[in-house]
Amino acid sequence: MTNNNKYKILVLSDLKEGTSTALKNTISLSKMVDADIELFHVIKPIDVVETDSQLSAMRTISKKHIKVEKKIRKLIDPISEDYGSIIHSSFTIGNVKNEIEDKIKKTKPDIIVLGKRKPKKLSFIGDSITEFVLNTHKDIVMIASGTQSLEPEKKLSLGFFNNEKQSFESNLIETLISQTDQSLKSFNIIDKLNQTPNELPSTTNKKVDFVFEKNDNVYQTLSSYLVKNKVNLLCVGRIDQAKTQKVNTVKLQDVIDKVDVSLLLTS
């Protein structure tokens, strides 16, 4: 948390389709927890300089800066005006992962927001920006759904997935829980139905448990239940499997790829 007692949210964006929805999700979250927002974009050098002339390259970079600045303002300004929220922004030219890592180190955000990407048919280890951010930032990461958005000023419907109690014991999660007067929904995928599901953290809210046995269609079933129960934010605990004796029944990447609701991946 920053010195002015506000949380700090960093939105990492490629400025492509889905950015507006990600920003709306971010504003909604920021209003609930009282946070400042900054959008950050990295321009790849190959997208800017295609000449050997230094003077020509400088002119091209200058034009690209102006173009990107206009694009960011076109995205940010209408949303800021509609919801009465300030969104700071910055961008740079460089290697995407290096610049993101440097930005995270400098700003020390409490929450990083990423737009949900469609899973690639062919993926290579280390190629995913989402995977890179999760490995770099050990605090909360929000994966904003491209279709199911949190709406600022509207009530939060909060769900918890495969709950490890210690994953949700934070002031920020407690603040989110306080923002809903609805029952908390707990969703668990287990190997066998006689296995005991994990428990939610202590709260005065009513709790409703949904338990699914793992099978080929379990994520489709889970998504269906999330829609039926109008869950618009699903908290997912990031447990270090290397430090536990639990069987890794659920892979985090499967949840990210197959569940179409905004996810809050806790530390």
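Quantities reported herein were computed from a predicted structural model and do not represent experimental measurements.
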With hydrophobic residues grouped by side-chain heavy-atom distances under 4.5 Å, do Y225 and L234 end up in a single group?
yes

Approximate separation, where rounding is to 0.5 Å, of L226 CG and S262 OG
11.5 Å

Kindly write out the residues that satisfy salt bridge (Lys or Arg N to Asp or Glu O under 4.0 Å) with K138, not counting sequence neighbours, or none if the list is empty.
none

Indicate yes or no for a side-chain donor-acceptor contact from K8 to the backbone of T107 under 3.5 Å, with no hydrogens or angles considered.
yes

Mind checking what makes side chain to side chain contact (heavy atoms under 4.5 Å, CB included) contact with N217, not counting sequence neighbours?
N215, Q220

Could you check I27, T26, T21, T19 and say which one makes a side chain to side chain contact (heavy atoms under 4.5 Å, CB included) with I79?
I27

Is there a side-chain contact between V42 and F91 (heavy atoms, below 4.5 Å)?
no

Would you say the side chain of H41 lies within less than 4.5 Å of the side chain of S90, judging by non-hydrogen atoms?
no

Taking the side chain as C-beta and beyond, is there a heavy-atom pair between S85 and K31 under 4.5 Å?
yes

Any heavy-atom pair between the side chains of V255 and F161 that's under 4.5 Å?
yes

Smallest heavy-atom separation, L233 atom then L263 atom, equals CD1-C, 4.3 Å

Quiz question: by atom type and distance under 3.5 Å, do the side chains of N95 and E99 form a donor-acceptor pair?
no

Given side chains that start at C-beta, do those of M142 and L29 come closer than 4.5 Å, heavy atoms only?
yes

Heavy-atom pair with the smallest gap, counting every atom of A22 and V113
O-CG1, 4.4 Å

Look only at the side chain of S28 and the backbone of K24, and say whether a donor-acceptor pair between them is shorter than 3.5 Å.
no

Kindly say whether I111 contributes a backbone atom to a donor-acceptor pair with the side chain of D139 at under 3.5 angstrom?
no

Can you find a heavy atom in the side chain of L184 that is under 4.5 Å from one in the side chain of V208?
no

Minimum heavy-atom separation for F212 to V218, with atom names?
CB-CG2, 3.8 Å

Applying ring-ring contact (aromatic ring centres under 6.0 Å, His included) to F187 and F210, what does each step give before you reach the verdict?
CA-CA 5 Å; F187 301 87; F210 299 91; 5.0 Å; yes

CD1 on I112 to OG1 on T130, rounded to 0.5 Å
11.0 Å

Indicate yes or no: at least one non-hydrogen side-chain atom of V231 is less than 4.5 angstrom from one of L158.
no

Say you draw a straight line from CD1 of I177 to CG of L172; how long is it, rounded to the nearest 0.5 Å?
10.5 Å

Could you pull out the closest heavy-atom pair between T175 and M32, with the gap in Å?
CG2-O, 3.4 Å

Please name all residues satisfying side chain to side chain contact (heavy atoms under 4.5 Å, CB included) with D82, sequence neighbours left out, ordered by chain then number.
none

Could you tell me whether the side chain of I140 reaches within less than 4.5 Å of the side chain of L264, counting heavy atoms only?
yes

Grab the two heavy atoms, one from K185 and one from S157, that are nearest each other, plus how far apart they are.
NZ-OG, 3.8 Å

If you compare all heavy atoms of P45 against all heavy atoms of G94, which two are closest, and at what distance to 0.1 Å?
CD-O, 3.4 Å

What's the separation between atom CD1 in I129 and atom CG in L134, rounded to the nearest 0.5 Å?
11.5 Å

Tell me yes or no: between the side chains of D260 and S145, is some donor less than 3.5 Å from an acceptor?
yes

For L10, which of K103, H137, H88, K108 qualifies under side chain to side chain contact (heavy atoms under 4.5 Å, CB included)?
K103

Side-chain donor or acceptor of T180 paired with backbone N/O of L156 under 3.5 Å
yes

